[in-house]
Amino acid sequence: MTTIGIIGAGHIGSQVARKAVELGYDVVISNSRGPETLQDLVAELGPKARAATSAEAAAAGDFAVVTVPLKDYKDVPVEPLAGKIVIDTNNYYWERDGRIPALDNGEATTSGMLQEHLPQSKVAKGFNHIMAKDITTDGTPAGTENRRALATASDHPDAAELVTRLYDEFGFDTVNVGPLSESWRVERDRPAYVARQNATELKDNLAKAPRTI
């Protein structure tokens with residue numbers, strides 16, 4: 001069975017873990033405060049989950065989900081993720097992260113920054129424009145009318161394909177935005193951000209997105 005390494009156990013990380021365990025995945029989850037602080041979550045998740053350090057979670061995962069504050073992205077372990085697909089949920093909140101001129105000026109993307117930090121990994125955008133609570137409640141079977149859609153972006157086709165497969169298992173259609181350089185279209189304060197939308201609506205909202213806010 002596939003193991004998902006989850007780096008970051010906040011709202012999104014915890015919800016991804018809950019749904020992944022429900023679907024039969026093994027989960028190794030970490031946070032910045034240490035495995036001992038995750039015992040309640042792991043007890044809730046059951047025998048298919050365990051807590052670990054970030055490096056251990058990265059090493060254990062067949063692929064990883066990175067869901068840490070943007071200001072901490074350089075703390076993500078590099079070597080254990082080499083050769084692996086990494087799903088990045090990040091968004092830029094300048095109030096929390098401090099001002100990052102390259103993002104303010106439309107010269108970079110959050111997932112592109114993580115890709116630069118993880119040069120031997122294959123980063124794909126995922127789960128960044130959905131409220132955490134909706135990850136476990138809004139999914140519906142494939143073919144459902146008006147099924148909710150989520151976006152991904154990656155410079156690596158196999159990484160985007162993995163996100164597409166995972167989205168489908170979680171109950172969502174996928175719209176592939178293209179390379180990471182286009183992933184800004186689904187980031188904070190743009191039309192597609194946290195809106196409930198089907199694939200057609202998501203495509204329309206991505207097309208409307210302004211490069212800078």
Is there a path of hydrophobic side-chain contacts, each under 4.5 Å between heavy atoms, that joins L202 and V194?
no

Rounding to 0.5 Å, atoms CG (L45) and CG (D26) come to a distance of 11.5 Å

Hydrophobic cluster of I7, others only, ordered by chain and residue number, side-chain cut-off 4.5 Å
V66, V68, L70, Y73, V76, V78, L81, V86, Y92, W94, I100, L103, M113, L114, L118, V123, L180

Any side-chain heavy atom of R188 within less than 4.5 Å of one from N128?
no

Which distance, rounded to the nearest 0.5 Å, do you find between the OH of Y167 and the CD1 of I135?
9.0 Å

Go through the side-chain N and O atoms of T37 and N31 and say whether any donor and acceptor fall under 3.5 Å apart.
yes

Polar contact flag, side-chain donor to acceptor under 3.5 angstrom, Q115-D155:
no

Spell out, yes or no, whether V65 and V21 are grouped together once hydrophobic residues are joined by side-chain heavy atoms under 4.5 Å, including indirect joins.
yes

Kindly compute the distance separating CZ (R185) from CG (N205), expressed to the nearest 0.5 Å.
11.5 Å

Distance-minimising heavy-atom pair for A20 and V27
CB-CG2, 3.9 Å

Taking every non-hydrogen atom, the tightest pair across V186 and A192
CG2-CB, 4.2 Å

Return yes if some donor-acceptor pair links the side-chain N/O of Y25 with the main-chain N/O of K19 below 3.5 Å, else return no.
no

Closest non-hydrogen contact found for P35 with T53 is CG-N, 3.7 Å

With heavy-atom distances below 4.5 Å as the criterion, would you say the side chains of Q15 and H11 are in contact?
no

At their closest point, which heavy atom of A58 faces which heavy atom of K84, and how far apart are they?
O-NZ, 2.8 Å

In terms of hydrophobic clusters joined by side-chain contacts under 4.5 Å, are I213 and L206 together?
no

Can you give me the closest heavy-atom contact between V42 and A49, atom names plus distance?
CG1-O, 3.5 Å

Within 6.0 Å of NZ in K203, more than 12 heavy atoms from elsewhere
no

Do any pairs count as a ring-ring contact (aromatic ring centres under 6.0 Å, His included) and have a residue in residues 168-213, sequence neighbours left out, and if so which ones?
F127-F170

Pairing donors with acceptors under 3.5 angstrom, does anything connect the side chains of D62 and T2?
no

Do S183 and S154 make a side-chain contact, defined as non-hydrogen atoms from C-beta onward lying under 4.5 Å apart?
no

Heavy-atom check, side chain of R99 versus side chain of D104, under 4.5 Å
yes

Say whether I29 and L166 are linked into one hydrophobic cluster, either directly or through other cluster members, by side-chain heavy-atom distances under 4.5 angstrom.
yes

Return yes if some donor-acceptor pair links the side-chain N/O of R190 with the main-chain N/O of R211 below 3.5 Å, else return no.
yes

Distance from L162 atom CG to T152 atom OG1, nearest 0.5 Å?
9.0 Å

Criterion side chain to side chain contact (heavy atoms under 4.5 Å, CB included) on T110 and N91, from CA distance to verdict:
CA-CA 7 Å; T110 57; N91 291 296; 5.7 Å; no

Working to the nearest 0.5 angstrom, can you tell me the gap between E22 CD and E169 CD?
11.5 Å

Report the residue from V163, L150, T164 that forms a side-chain contact (heavy atoms from CB on, under 4.5 Å) with T174.
T164

Beyond-backbone contact of D168 with R147, side-chain heavy atoms, under 4.5 angstrom
yes

Is it the case that more than 12 heavy atoms not belonging to D40 sit under 6.0 Å from its CG atom?
no

Taking all non-hydrogen atoms of both residues, which atom of A149 and which atom of N198 are closest, and how far apart?
CB-C, 3.7 Å

Side-chain (S30) to main-chain (A52) donor-acceptor, under 3.5 angstrom:
no

Salt bridge check: are D134 and R196 linked by an N-O gap of less than 4.0 Å?
no

Group every Ile, Leu, Val, Met, Phe, Trp and Tyr by side-chain heavy-atom contacts under 4.5 Å, then state whether M131 and V16 land in the same group.
no

If you apply the rule side chain to side chain contact (heavy atoms under 4.5 Å, CB included), what do you find for V177 with K125, and how did you get there?
CA-CA 9 Å; V177 182; K125 194 85 172 172; over 6 Å; no

Side-chain contact test, heavy atoms from C-beta onward, threshold under 4.5 Å: evaluate it for N90 versus S111 and give yes or no.
no

Apply side chain to side chain contact (heavy atoms under 4.5 Å, CB included) to the pair I130 and R148, showing each step before the final yes or no.
CA-CA 10 Å; I130 180 172; R148 185 168 183 172; 3.6 Å; yes

K71 vs R96, side chain to side chain contact (heavy atoms under 4.5 Å, CB included): CA-CA, chis, key distance, verdict:
CA-CA 8 Å; K71 63 186 177 65; R96 174 196 66 190; 4.0 Å; yes

Is there side-chain contact between S32 and D75, with heavy atoms separated by less than 4.5 Å?
no

Quick one: CD on E187 to OG1 on T109, what's the gap to the nearest 0.5 Å?
6.0 Å

Short question: side chain of Q197, backbone of A195 - any donor-acceptor pair under 3.5 Å?
yes

